[in-house]
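Report on the structure given below.
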Amino acid sequence: MNLHGRKMVAPVVIAVLFVIYYTGLAVVLALISSISVLVKGLLIFVPLALAGVMISVTVSRIKEIRSGEEDDLSQY
C-alpha cells in the first residue's frame, strides 16, 4: 500500500463506523411506536442526514489526500 493509501485508511474506517452508528440509530428510532409520525420522521431524517454528510466529508477528504493536500492548516 502506498503512502496515500495509508493516509486514507483512518478517514474511511471512521466514516464507516459513523455511518453504521447513524443508520442503526435511525432504525432503532423507526421501531419506536409510541411517538407521532411527524416526530418519528424527524428523528429518522436527522441521523440519516448526518450519515450522508459524513460520506460527503469523507469523499472530500479522500480527494484532498489524493491531490497531495494532506495538511489543511498550511493554507492559512
Side-chain angles (χ1 to χ4, degrees):
M1 187 182 312
N2 62 7
L3 183 62
H4 291 303
R6 289 185 191 163
K7 290 183 180 182
M8 286 189 276
V9 171
V12 170
V13 169
I14 297 299
V16 167
L17 291 175
F18 269 100
V19 168
I20 290 170
Y21 172 75
Y22 287 136
T23 305
L25 183 63
V27 168
V28 168
L29 292 173
L31 296 176
I32 298 173
S33 62
S34 63
I35 56 177
S36 71
V37 175
L38 183 64
V39 173
K40 187 184 287 192
L42 184 64
L43 289 175
I44 293 169
F45 173 75
V46 171
L48 292 179
L50 289 172
V53 169
M54 190 68 191
I55 291 170
S56 172
V57 168
T58 304
V59 169
S60 174
R61 181 65 183 142
I62 288 172
K63 287 179 183 178
E64 287 177 0
I65 291 171
R66 285 186 179 162
S67 70
E69 296 179 28
E70 291 92 10
D71 186 14
D72 292 337
L73 295 176
S74 64
Q75 298 175 0
Y76 301 104

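For reference, positions follow the sequence shown, starting with 1.
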Can you name the side-chain contact (heavy atoms from CB on, under 4.5 Å) partners of [X], sequence neighbours left out?
X	result
V53	V57
V28	none
V13	V9, L17
S36	L38, V39

Item checked: Residues that, via side-chain heavy atoms closer than 4.5 angstrom, fall in one hydrophobic cluster with I44 ->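 Members other than I44 - counting any ILVMFWY side chain reachable under 4.5 Å - are L48.
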Notebook entry, point to check: Any ring-ring contact (aromatic ring centres under 6.0 Å, His included) pairs touching residues 20-49, not counting sequence neighbours?
Noted result: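 Every ring-ring contact (aromatic ring centres under 6.0 Å, His included) pair that includes a residue of residues 20-49, provided the two are not neighbours, is F18-Y22.
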Check: CD1 of I32 to CG of L43: how many Å apart, nearest 0.5 Å?
Finding: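 CG of L43 is found 7.5 Å from CD1 of I32.
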Check: If you group Ile, Leu, Val, Met, Phe, Trp and Tyr by side-chain heavy-atom gaps below 4.5 Å, do V59 and I65 land in one group?
Finding: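 Different clusters.
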Next item on the list: Say whether, by atom type as modelled, one donor and one acceptor occur between the side chain of T58 and the main chain of M54 under 3.5 angstrom.
Entry: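 Yes: the side chain of T58 pairs with the backbone of M54.
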Checklist line | Residue from I20, I14, V19 passing side-chain contact (heavy atoms from CB on, under 4.5 Å) with V16 | finding: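 Answer to the side-chain contact (heavy atoms from CB on, under 4.5 Å) test with V16 among I20, I14, V19: I20.
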